[in-house]
Amino acid sequence: MSQIFQMSSKKDWFTDWFNTKYYHILYQHRDDYEAQVFMSNLVNYLELPKGASVLDLACGKGRHSIYLNSLGYNITGADLSINSIKHASESKNDSLNFIVQDMRLPFPLKTDAIFNLFTSFGYFADDKEDIRVIENIKNSLNQDGVAVIDYLNVVKTIDKLVPDETILLDDIEFHITKEVKNDFIIKKIEFTVEEKYHCYYERVKCLDLARFKKIIETAGLQITETFGDYNLHAFDKNNSNRLILIIKA
Ligand SMILES: C[S@@+](CC[C@H](N)C(=O)[O-])C[C@H]1O[C@@H](n2cnc3c(N)ncnc32)[C@H](O)[C@@H]1O
């Protein structure tokens, strides 16, 4: 059996893993329905007027973008993954566009809202890069614009960490191990397809509310509200699954 190690370097695991079809197989339960419930609740809470422009930053295959566009918003979905943008672009129209974009580089547009959804933050080893992403968000928001970051609740995630599990999806047996090391929650994902062994990593920084506050304020923005799930219940650090931040100037 041949062994293929897909991770070219620890630094840019996110360039490789999210660009594979296997990421989408493993996370297939994070589906359109989940995106639609969250986006309906969010735009309702924000009172975002129809026709407003939204940047879906790290949009993946565009599950949130496509639904937001159907609600009457002008959407740009941006992601580093060429394959995901190619897939999302099949749904393009006059008010729904997709671009390949690294969130660490300035965004080529001004917009009323910027959404960063489903743990699309906290990948970079250097905190300065996290601050740079927030600065890019700040610089691309129109006056009175709003940003939203939807992150995992690291407190609960670490408390309930399942160190070892095997998941069977689409005839692929994913063996997953998790650990907390050097300020990151590290998920190792191993599987074999057609006799080829694959090994990928996800590394997500242990950013709790206090650390987010520091990063966001350093970049010149403020957290104005927090929620703990996609139905926008209050954030509770021990029990919430998500940490959803509403951010303004
Ligand atoms: C966990 S997925 C979430 C995707 C999408 N928001 C969703 O909910 O389906 C994280 C996304 O971040 C993208 N990403 C990772 N690093 C990035 C970067 N430096 N700049 C832009 N996008 C990035 C990945 O390609 C991936 O699509």
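In listed order, ligands and their atoms are each counted from 1. The first residue of the sequence shown is numbered 1, and numbering continues consecutively from there.
Between the side chain of D229 and the backbone N or O of R242 there is no donor-acceptor pair closer than 3.5 Å. The backbone N or O of L109 lies less than 3.5 Å from a partner atom in the side chain of S140, making a donor-acceptor pair. In this structure, the side chain of E129 does not engage the main chain of D126 through any donor-acceptor pair within 3.5 Å. N97 places no side-chain N or O within 3.5 Å of a backbone atom of T76 that could act as its donor or acceptor partner.
Below 4.0 Å from some heavy atom of G60 lie the following atoms of ligand 1, by number and element: 4 (C), 5 (C), 27 (O). Listed by number with element, the atoms of ligand 1 under 4.0 Å from a non-hydrogen atom of S81 are 25 (O).
Below 30°, between 30° and 60°, or above 60°: for F121 and F212 the angle between ring planes is between 30° and 60°, a tilted geometry.
Scanning the protein heavy atoms around atom 27 (O) of ligand 1, the nearest turns out to be D79 OD2, 2.7 Å. Protein heavy atom closest to atom 20 (N) of ligand 1, with residue, atom name and distance, is M103 N, 2.8 Å. Closest to atom 2 (S) of ligand 1, if we only count protein heavy atoms, is Y23 OH, 3.2 Å. Looking only at heavy atoms of the protein, atom 3 (C) of ligand 1 is closest to S120 OG, 3.3 Å. From the protein, the heavy atom lying nearest to atom 5 (C) of ligand 1 is A58 O, 3.4 Å. Looking at atom 22 (N) of ligand 1, its nearest protein heavy atom turns out to be L80 N, 3.3 Å. The shortest contact between atom 16 (N) of ligand 1 and any protein heavy atom is with F14 CD1, 3.3 Å. Counting only heavy atoms of the protein, atom 19 (N) of ligand 1 lies nearest to D102 OD1, 3.0 Å.
In this structure, H198 has its ring center under 6.0 Å from that of Y22.
Every pair passing salt bridge (charged side-chain N to carboxylate O under 4.0 Å, His left out) that includes a residue from residues 46-73 is listed here, sequence neighbours excluded: E34-R63. Residue pairs meeting the salt bridge (charged side-chain N to carboxylate O under 4.0 Å, His left out) criterion with at least one partner in residues 80-94, sequence neighbours excluded, are absent.
Using a 4.0 Å cut-off between heavy atoms, F118 contacts ligand 1 through both its backbone and its side chain. In S84, neither the side chain nor the backbone holds a heavy atom less than 4.0 Å from any atom of ligand 1. At a 4.0 Å heavy-atom cut-off, ligand 1 touches Q101 through the backbone alone. When heavy-atom distances to ligand 1 are checked against a 4.0 Å cut-off, H64 comes that close only through its side chain, counted from C-beta outward.
Rounding to the nearest 0.5 Å gives a distance of 11.0 Å between OG1 of T119 and CD1 of I149.
Checking only distances, R63 does come within under 3.5 Å of ligand 1, N or O to N or O. Here's the thing with A78: none of its N/O atoms is less than 3.5 angstrom from an N/O atom of ligand 1.
Taking 4.5 Å as the limit, every side-chain heavy atom of Y230 sits out of range of all side-chain heavy atoms of L42.
Of the candidates W17, F124, Y123, the one placing a heavy atom closest to atom 15 (C) of ligand 1 is Y123.
Under a hydrophobic-cluster definition in which Ile, Leu, Val, Met, Phe, Trp and Tyr are linked whenever side-chain heavy atoms come within less than 4.5 Å, directly or via other members, I167 and I25 are assigned to the same cluster.
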